[in-house]
> 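The structure under discussion is supplied below as structure tokens; questions concerning it will follow.
Nothing here was measured: the structure is a model prediction, and the numbers come from that model. The chains referred to below are lettered A, B, ... by the order of the sequence lines, with proteins before strands, and numbering in each begins at 1.
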Amino acid sequence: MNTESLEKHFNDKIEEDIRIEPKDWMPEKYRKTLIRQISQHAHSEIVGMLPEANWITRAPTLRRKAAALAKVQDEAGHGLYLYSACETLGVERDDLLADLHSGKAKYSSIFNYPTLTWADMGAIGWLVDGAAIMNQVPLCRASYGPYARAMVRICKEESFHQRQGYEIMLTLCKGSEEQKNMAQDALNRWWWPSLMMFGPTDKDSKHTADSMRWGIKRFTNDELRQKFVDVTVPQADILGLTVPDKDLKWNEESGHYDFGEINWEEFYNVISGNGPCNRERLEARRNAHDKGEWVREAAQAYAEKKSRNKAA
Amino acid sequence: MDTNKFNYILQQADNCLILGQRLGEWCGHGPILEQDIAMTNISLDLIGQARLFYQYAAELQDEGKTEDDLAYLRDAWDFRNVKLVEQPNGDFAQTIIRQFLYDTFSCYYYEALKESNDERLASIAAKSHKETLYHVKWSGDWVLRLGDGTSESHERAQSALDLLRPYADELVIPSEADQKAAEEGYGPDLGKIAELRSEKLNAVLSESTLNVPESGFTHSGGKDGRHTEHLGYILADLQFLQRAYPGNKW
Ligand SMILES: [Fe+2]
Ligand SMILES: [Fe+2]
């Protein structure tokens, strides 16, 4: 088949919602877009371990400690599935990591915010995992098979994280005055960054059009952000917490919440490296990788010795 | 309350908690993603074991206390873990050697504790034994890889072993609680465990090409609440929220 008919065949499949698999022909731009999106997602899982890992040793009960360990471990697992999905597109995990460590590859900006109190463990689960679910559930139907399948597994675990985070918030909000303040403070700090997780507004989003056409993306950034606000505000009401947006109000006519303008200057600042923890997060990842080099070398040298011995 | 049994249970509960806490420090910072996951897994198992022991100890104590009271509201002198488990993570080699020295104890310990005449202890041991078999396989495989990997990994593993060897045997030297537990049949004879363990240790270490340092001296005292300086900092982290907000529910 020539390129034209290959491309037609590919487009027909997309049209009919038939999954694209690793061995299928695909346009180079589709492959590149997928690599960019999936690796960015994988990096986000790995960097995303850090803010929560920060509270594992200080978790307030043994039950919470176990849950926090299990959660951060899930995120590491998500990273693994996604790096594997990426590898089906012909790139190596090591090269993807090199791009993360050099600052070339991006990860979700939300993880550049600090976790200052225990309530942040609740707020991250409730809001950050919550926003991640909004973004990711549609990806379970993404056109690329390995990505879609990884997302099915991931979404199941993310929704567990979301409930667990909300339960931490609920416990705090039923607790002492100080605990309620802790919960409110966490909401104040995580609300806007969570809304930013959906990316720039549709008119400023440079990747949306292609991704929608190829069935990698199913809803626009603004649609998903609205959905998140509509779902989350009533949950804040149940907690008895105040969403830090003076413009937030229910709009009878549209059937949605109206909400205030996002601080896009902050958004672009954090993306370009000026968030509160950008340097620390990247440094932690680089450090882990660099300090692990002799370990990886030892494992490889040992495996080679063993296979030589077997052959001999 | 059976004070000896209470103390005896805390020894192992505290070993599990403190080592689990130490391994938890690696979370997010491991040298390889798969090994980050493995260390978190072992940490989770250890925290789980600690909880089972604390729950039982709290029941025996019968003062309406919980697992968390025991973990979060005792000071260092009441902790009965061995000094080995409070040693810092250091580099990956130090973590592996510490883990291997511990796992080669715990797998035989739990195997023997399954025969305890205390049914509750026997059932905790049965569950924990399965987990520990996996742990000792993991740490043992890494001892081989590091010892017989590159010259750098060999050197790192050897210096970790030299550093930690003096902390290894406190686990198998009977405390008063251990002795009485063995006499009354709810705890195993540590002498037998010491033999099995040293066989396993020597086999793996010699295959790994590491030199077993002459065991001249053993640091002890942990089982009686005399610890290294590290434990205070571990507890400062572990207990921070419970201490800062007394009586709150989390
Ligand atoms: Fe995740
Ligand atoms: Fe998650």
> Quick check on B:Trp142 against chain A: is it the side chain, the backbone, both or neither that has a heavy atom closer than 4.5 Å?
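Side chain only.
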> Does the side-chain contact (heavy atoms from CB on, under 4.5 Å) test come out yes or no for A:Glu178 and B:Tyr245, once each step is laid out?
CA-CA 8 Å; A:Glu178 285 155 316; B:Tyr245 303 95; 3.7 Å; yes
> Side chain, backbone, both or neither: which part of B:Phe92 has an atom under 4.5 Å from a heavy atom of chain A?
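Both backbone and side chain.
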> Between B:Lys249 (side chain only) and A:Thr171 (backbone N and O only), is there a donor and an acceptor less than 3.5 Å apart?
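It does not hold such a pair.
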> Of all the residues in residues 284-298 of chain A, which have a heavy atom that comes within less than 4.5 Å of a heavy atom in chain B?
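Contacts with chain B: A:Ala284, A:Arg285, A:Ala288, A:Gly292, A:Trp294, A:Val295, A:Arg296, A:Glu297, A:Ala298.
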> Test side-chain contact (heavy atoms from CB on, under 4.5 Å) on B:Gln242 and A:Thr61 and set out the steps.
CA-CA 8 Å; B:Gln242 291 277 357; A:Thr61 67; 4.0 Å; yes
> Atom CE of A:Met182 and atom CG of B:Leu241: how far apart are they, to the nearest 0.5 Å?
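Output value for this atom pair is 6.0 Å.
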> I need the residue from B:Asp141, B:Leu146, B:Asp91, B:Leu44 with the largest number of non-hydrogen atom pairs under 4.5 Å to chain A.
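Counting heavy-atom pairs under 4.5 Å, the top option is B:Leu44.
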> Please give me the minimum heavy-atom distance between A:Gly79 and B:Leu33, naming the atom from each residue.
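Shortest heavy-atom separation between A:Gly79 and B:Leu33 comes out as C-CD2, 4.4 Å.
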> Do the side chains of A:Arg58 and B:Glu25 get close enough for a salt bridge, i.e. N-O under 4.0 angstrom?
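So A:Arg58 does not pair with B:Glu25 through a salt bridge.
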> Using the salt bridge (charged side-chain N to carboxylate O under 4.0 Å, His left out) rule, take B:Glu67 and A:Arg64 through it: C-alpha gap first, then chi angles, then the decisive distance, then the call.
CA-CA 12 Å; B:Glu67 56 177 21; A:Arg64 294 289 187 204; over 6 Å; no
> Look at B:His29, B:Arg22, B:Gln21 and state which one has the largest set of heavy-atom pairs under 4.5 Å with chain A.
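With the most close heavy-atom pairs to chain A, the winner is B:Gln21.
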> B:Leu17 versus chain A, heavy atoms under 4.5 Å apart: side chain, backbone, both or neither?
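B:Leu17 touches chain A through side-chain heavy atoms alone.
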> Side chain from CB out, backbone as N, CA, C, O: work out which of these in B:Leu238 comes under 4.5 Å of a heavy atom of chain A, or both, or neither.
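Both parts, backbone and side chain.
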